[in-house]
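To start, the structure itself, in structure tokens.
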Amino acid sequence: MITVNVKCFSQVMYALDTDILLIELESGATTDTLEKIIRDRADGKLDGVSLRTAVNQKYIPDVVELKDGDEVAFIPPVQGG
Amino acid sequence: MITVNVKCFSQVMYALDTDILLIELESGATTDTLEKIIRDRADGKLDGVSLRTAVNQKYIPDVVELKDGDEVAFIPPVQGG
Amino acid sequence: MIHVEIINGPITPFPSDNSHQDDGAELVFNGRVRDTEHGENITALEYEQYEGMAEAELRKLAEETMQKYPVHNLFCRHRVGKVNVGEASLHVAIWTKHRKEGLEGMSWFISELKKRIPIWKWAIMEDGSRIPSECTHR
Amino acid sequence: MIHVEIINGPITPFPSDNSHQDDGAELVFNGRVRDTEHGENITALEYEQYEGMAEAELRKLAEETMQKYPVHNLFCRHRVGKVNVGEASLHVAIWTKHRKEGLEGMSWFISELKKRIPIWKWAIMEDGSRIPSECTHR
């Protein structure tokens with residue numbers, strides 16, 4: 001098993017009512033598995049919200065395997081400026 | 001006869017070596033007659049220089065008849081900014 | 001040269017001095033908080049960032065802008081926390097030889113910033129409530 | 001609101017304050033004198049104007065810009081006389097609701113200014129000589 005930190009911002013924070021989650025996953029679990037878990041926890045509140053994945057503070061272009069201790073964020077549409 | 005003031009700027013001033021000319025013209029003379037006089041005085045130094053005409057500090061879109069006391073400028077390419 | 005910063009508190013503009021002997025064009029943008037969001041009156045926006053990643057992405061974006069456009073200097077300050085109506089949340093200054101590339105570089109930089117820098121905003125309404133602001137992506 | 005001025009002496013920037021409650025975008029352009037003209041080193045440019053007409057044309061152009069683009073405020077100062085390398089000869093500030101129209105309005109305003117405002121420049125060379133600067137129309 002591995003543990004990852006999920007950082008939650010904006011709509012994700014609003015949907016899950018927390019800014020950080022510690023989640024245990026099977027070894028070899030990937031970002032899309034984790035995204036599904038997060039979306040399930042949001043209980044529909046993230047339906048239709050596009051999320052980009054960042055691992056260890058970098059956007060990843062595709063699905064990657066997670067490692068123990070990774071920091072993951074599912075980034076809802078940004079609003080800077 | 002009418003008298004007009006011709007204001008000279010930039011290349012025109014450089015070509016005629018003056019910043020103002022008083023020119024006498026036949027009554028009914030037009031801006032293009034005056035432009036020809038100015039270009040002749042420049043002795044070739046304004047050949048190939050495009051000039052826009054301003055009468056009483058306004059660009060005129062076409063040839064107009066001049067009146068006594070008019071202020072005329074043949075405006076070489078501008079360079080503000 | 002690049003200078004990017006995410007700051008909590010009012011933005012001090014970058015100095016506009018006479019030291020840029022080869023930069024004919026200096027372009028400065030201030031993005032200010034408007035008094036309405038989606039037609040409703042607000043008193044402020046509160047900006048939230050992904051700390052660390054936001055500044056790193058901003059730096060990466062500044063580097064890309066300078067690769068894509070002949071920009072000599074790109075300075076940017078983005079504010080987080082509460083920003084009252086009228087105040088600047090974003091300040092960007094770009095120095096280029098000619099204005100054309102400055103305008104293009106500025107336009108591209110801000111468009112991309114609004115697509116990828118992990119910063120979000122919450123609207124502070126007149127009654128004091130705090131609601132997530134919708135994404136506009138403009 | 002329009003504010004245009006042709007001045008002889010250093011340009012003081014227009015104030016960038018927090019009073020624009022409905023203008024999300026504030027764009028400022030400074031056109032500065034570069035240290036070369038046509039590949040030769042210069043120490044300054046000297047700007048000459050058609051007094052009266054230059055400011056009138058500048059006002060007309062500002063009005064046209066505000067008809068063509070949704071610009072709320074357009075302020076412009078153009079300097080005449082000797083302007084040393086590095087100093088600003090042109091200062092333009094535009095306030096709009098969104099940045100897109102500000103960038104477009106700024107671009108159009110300066111392009112047109114360079115086509116029609118009766119201002120010319122002379123290059124002051126390193127040896128002190130003063131020669132007419134060629135037109136570039138960029």
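Convention: sequence-line order gives letters A, B, ...; per-chain numbering from 1. Please read these numbers as outputs of a predicted model, since none were measured by experiment.
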- [ ] Using atom types as modelled and distance alone, determine if a side-chain donor or acceptor of C:H78 lies under 3.5 Å from a backbone N or O of A:G80.
- [x] no
- [ ] For the residue pair A:M13 and C:E48, establish whether any side-chain heavy-atom pair is separated by less than 4.5 Å.
- [x] yes
Open item on the list: Does C:D127 have more than 12 heavy atoms from other residues, nucleotides or ligands lying within 6.0 Å of its CG?
Closed with: yes
Open item on the list: What I'd like to find out is whether the side chain of A:R52 reaches to under 4.5 Å of the side chain of C:R116, using heavy atoms alone.
Closed with: yes
Task: Heavy-atom pair of closest approach, residues A:V78 and C:L113 - done: CG2-O, 4.4 Å
TODO: Please flag which part of C:E51 lies under 4.5 Å from any non-hydrogen atom of chain A: side chain, backbone, both or neither.
DONE: backbone
Task: Under 4.5 Å from a heavy atom of chain A, the part of C:E57 involved - done: side chain
- [ ] Would you mind reporting whether C:L45 and A:Q79 have side-chain heavy atoms less than 4.5 Å apart?
- [x] no
Task: Proximal component of C:Y47, with respect to chain A [non-hydrogen, under 4.5 Å] - done: side chain
Open item on the list: Take a 6.0 Å sphere around CD of C:E40 and say whether it holds more than 12 heavy atoms from other residues, nucleotides or ligands.
Closed with: no
Task: Proximity breakdown for C:R79 and chain A, heavy-atom pairs closer than 4.5 Å - done: neither
Task: Spacing of A:I75 atom CD1 and C:I119 atom CD1 [to the nearest 0.5 Å] - done: 11.0 Å
Open item on the list: Can you confirm whether more than 12 heavy atoms, excluding those of C:K82, are under 6.0 Å from its NZ atom?
Closed with: no
TODO: Quick one: sort the A:F9 and C:W120 rings into parallel, tilted or perpendicular, breaks at 30° and 60°.
DONE: parallel
Open item on the list: Using a 6.0 Å cut-off, check whether atom CG of A:D43 has over 12 heavy atoms from anything other than its own residue.
Closed with: no
Task: Shortest non-hydrogen contact from A:G81 toward C:S89 - done: O-OG, 3.0 Å
Task: Inter-residue atom distance C:Y50.OH - A:K7.NZ, 0.5 Å rounding - done: 6.0 Å
